[in-house]
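For ligands, and for the atoms within them, numbers begin at 1 and follow the listed sequence. Being a predicted model, the structure only gives us computed values, none of them experimental.
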Amino acid sequence: MTVRVLFVCLGNICRSPMAEGVFQHLVDEAGLSDTVFVDSAGTGNWHVGERAHRGTRNILTKHGIAYDGRARQLTTRDFGQFDYILAMDDSNLSDIRRRLPRDSNAVVKRFLDFADDVPTRNVPDPYYDGRFEHVYELVHAGAQALLDHIREKEGV
Ligand code: 4NP
């Protein structure tokens, strides 16, 4: 079986690529690369085709994580293809829910809903304040909690 996980933010250049990179790294370390498929997308289309923001690339490199994804926009097709569609904040979640087909079986939640020990449910946008290190700490905790959840829930 394959578990398919999509991280979604606004621009797909700061937060969701960071979550994708960190989560993929944890998946690889856990030996689950062939079992868990990871991707990211943005609700908006302003940055389609661009590399991740320099701040995200720098923080991933600093933590030994390779990432070379390009921004793309969330599509209707994603709703039928992914098992988990995870929003970085409340605004992303309502945008996703507005587009969600009635017959979708995807689990649609905020990414940090799985991280009981993290005091916020929203990943703040570093595009505006440059706090990439702070965001990395949240994303790392969220990614670990998500992997624990998926391993238990999906039995992988
Ligand atoms: P992200 O950050 O949603 O974490 O990728 C943003 C990137 C770009 C913009 C806003 C947020 N923008 O307005 O272009």
Over 12 foreign heavy atoms within 6.0 Å of CZ, Arg131: no
Scan side-chain atoms only and decide if His25 and Glu29 contain a donor-acceptor pair under the 3.5 Å cut-off. yes
Distance-only polar pair, side chains of Thr43 and Asn92, donor-acceptor under 3.5 Å: no
CZ of Arg51: more than 12 outside heavy atoms within 6.0 angstrom? no
Derivation of the side chain to side chain contact (heavy atoms under 4.5 Å, CB included) call for Phe82 and Asp39: CA-CA 9 Å; Phe82 285 90; Asp39 197 5; 3.8 Å; yes
Shell of residues surrounding ligand 1, defined by a 4.0 angstrom heavy-atom cut-off that is strict: Cys9, Leu10, Gly11, Asn12, Ile13, Cys14, Arg15, His47, Asp125, Tyr127, Tyr128
Per the ring pair (Phe, Tyr, Trp, His ring centres under 6.0 Å) rule, which among Phe7, Phe23, Tyr84 passes with Phe111? Phe7
